[in-house]
There are 2 protein chains.
Amino acid sequence: MRKDGIATREKILDGARDLVLRLGYSGMKIDHVLDHVGITKGAFFHHFKTKDELAKALLRRYADQDAQIYAETRAQAEKLSDDPLQQILIFIRLFEDMFNGMTEPYPGCLLASYVYELQQFDDETRSLLHETFARWRALLQEKFELIVKQHPPKTPVSPAQLADGFTVVLEGAFILAKAMNDARMAGEQLRLYRNHIELLFDVPAQMRAAA
Amino acid sequence: MRKDGIATREKILDGARDLVLRLGYSGMKIDHVLDHVGITKGAFFHHFKTKDELAKALLRRYADQDAQIYAETRAQAEKLSDDPLQQILIFIRLFEDMFNGMTEPYPGCLLASYVYELQQFDDETRSLLHETFARWRALLQEKFELIVKQHPPKTPVSPAQLADGFTVVLEGAFILAKAMNDARMAGEQLRLYRNHIELLFDVPAQMRAAA
DNA sequence: GCCTAAACAGACCAAACGGTCCGGAAATAT
DNA sequence: ATATTTCCGGACCGTTTGGTCTGTTTAGGC
């Protein structure tokens, strides 16, 4: 199988993603992708009409892969407990473990790199970014709404804001991790976020090491 | 005063900063800056030898301005209370008020936009990024070390991680604010962060509305 | 084996881009 | 007033970049 179009397309997407996370979208030049992947212009433009089309394909694929990880992690958490509060804590814990197992800083979130070049992109791409973040919010917001009904928080809180907090911590930690070259940043900051939830809903200490 | 070199230089820096925050560093083209500022190539390259030199000047200026805001806010917090815990809470609260007064999302942190194109820059620039974030950490870490001595935390915590938490929340909130076009994001998430500190060090409710 | 269409290689192109150069205007020193 | 330096306008240049085009190779149906 020397000529597998789908495989080549995936290789292009992988290479482009790596380069975007290191150089930004504008910094990622097509010629650079060609070298990195080991193909030629003919191959590239056979799979993608323009660089913008690559950008959209890249974003869609990243959003889909991310949604899958979220869904799997959520399912795993729901299997381990029936209590939505415990589910959230397990959910966070599972993400912590993901990042704690890494030796280098997480290369970064593709969405964030797009956000910092937002004006480069058209409305369709911007909408896709908006929707993806909104989906992440909805996923956790739903849980937090159940939680506040069953476990009275020590302070009045907004489920939506708590849900955004997860993404905020992740995105912020990625930035600091890259700048400080510290692979532990994401796991540590997620642990802090989890600690906040535990304090907020008064989780007893012996119930915290669930996962 | 028709020909004020310093004023022109500042105008270039302002315009370039705006464009970098919208388009990223690579996306910010010199010709675009010229249009935006209303000058010509001759003027630009009279003040900056290369685009890279502009990048460094931009970063240094941003870091300095930021350090000044931090120092002023810190001084203001220290004037309002002698207790380091209250100082931190006031400090956060003052930042909240800053962002809550804005009608559009904060345009973003220049450091973060550099971080997401990190490989574009040389060692000197990368070091400057590292040092700037390290300084932000040191500023709050110092306070948190005093706090944990005087106010036993409900959970064992690392002052350095708590300090990073502030930056993490800010950077993450900027990203979400831009993506969701939500000006309130930064203030809300800082309020959540402050809530975490209050719960962690068991601040009574009536002592929370200090500022 | 043959045909067709997808998958590629690589020369080529026009526009964009960072940067140079020189002339001239404006401030400042003498 | 004159000289000198700073500041700036704008034409110009070489390289880079996204994209095109033509030809060639490979996979798969018949």
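Every chain is numbered from 1, with letters handed out A, B, ... down the list of sequences. All of these numbers come straight from a predicted model, not from anything done at the bench.
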Nearest-Å distance for atom pair CZ/C1', residues B:F48 and D:dC7: 14 Å
A:E124/A:R60 ion pair, N-O < 4.0 Å: yes
Atom pair CD (A:E10) and CG (A:D14), whose distance is rounded to the nearest 0.5 Å: 6.5 Å
Atom-pair distance (CD on B:E53; P on C:dG19), nearest Å: 10 Å
Geometric class of the A:F166/A:F95 ring pair [parallel <30°, tilted 30-60°, perpendicular >60°]: perpendicular
Residue A:H47, side-chain atoms from C-beta onward, closest of D:dC8, C:dG19, C:dC8: C:dC8
From CD1 (A:I90) to CZ (A:R74), nearest 0.5 Å: 13.5 Å
Distance below 4.0 Å between B:T8 side-chain N/O and D:dC8 OP1 or OP2: yes
Nearest non-hydrogen partners of A:P105 and A:N181, listed with the distance: CG-OD1, 3.6 Å
Whole angstrom value for the distance that separates P of C:dA27 from CD1 of B:I6: 14 Å
Rounded distance in Å - NZ (A:K51) to C1' (D:dT20): 18 Å
Spacing of A:R9 atom CZ relative to C:dA6 atom P, expressed in whole Å: 15 Å
Selection: residues 15-35 of chain B, any non-hydrogen atom under 4.0 Å of DNA chain C: B:K29, B:I30
cation_pi(A:K51, A:F45) dist<6.0 Å, angle<=45: no
Rounded distance (Å) that lies between atom P of C:dA27 and atom NE2 of B:H46: 14 Å
Between D:dT17 (P) and A:F45 (CZ): distance, integer Å: 13 Å
Proximal nucleotide (of D:dT6, D:dG18, D:dG10) relative to the A:K41 side chain: D:dG18
First encountered from the 5' end of DNA chain D, between B:G42 and A:D52: B:G42
Cation-pi geometry met for B:K143 and B:F91 (6.0 Å, 45°): no
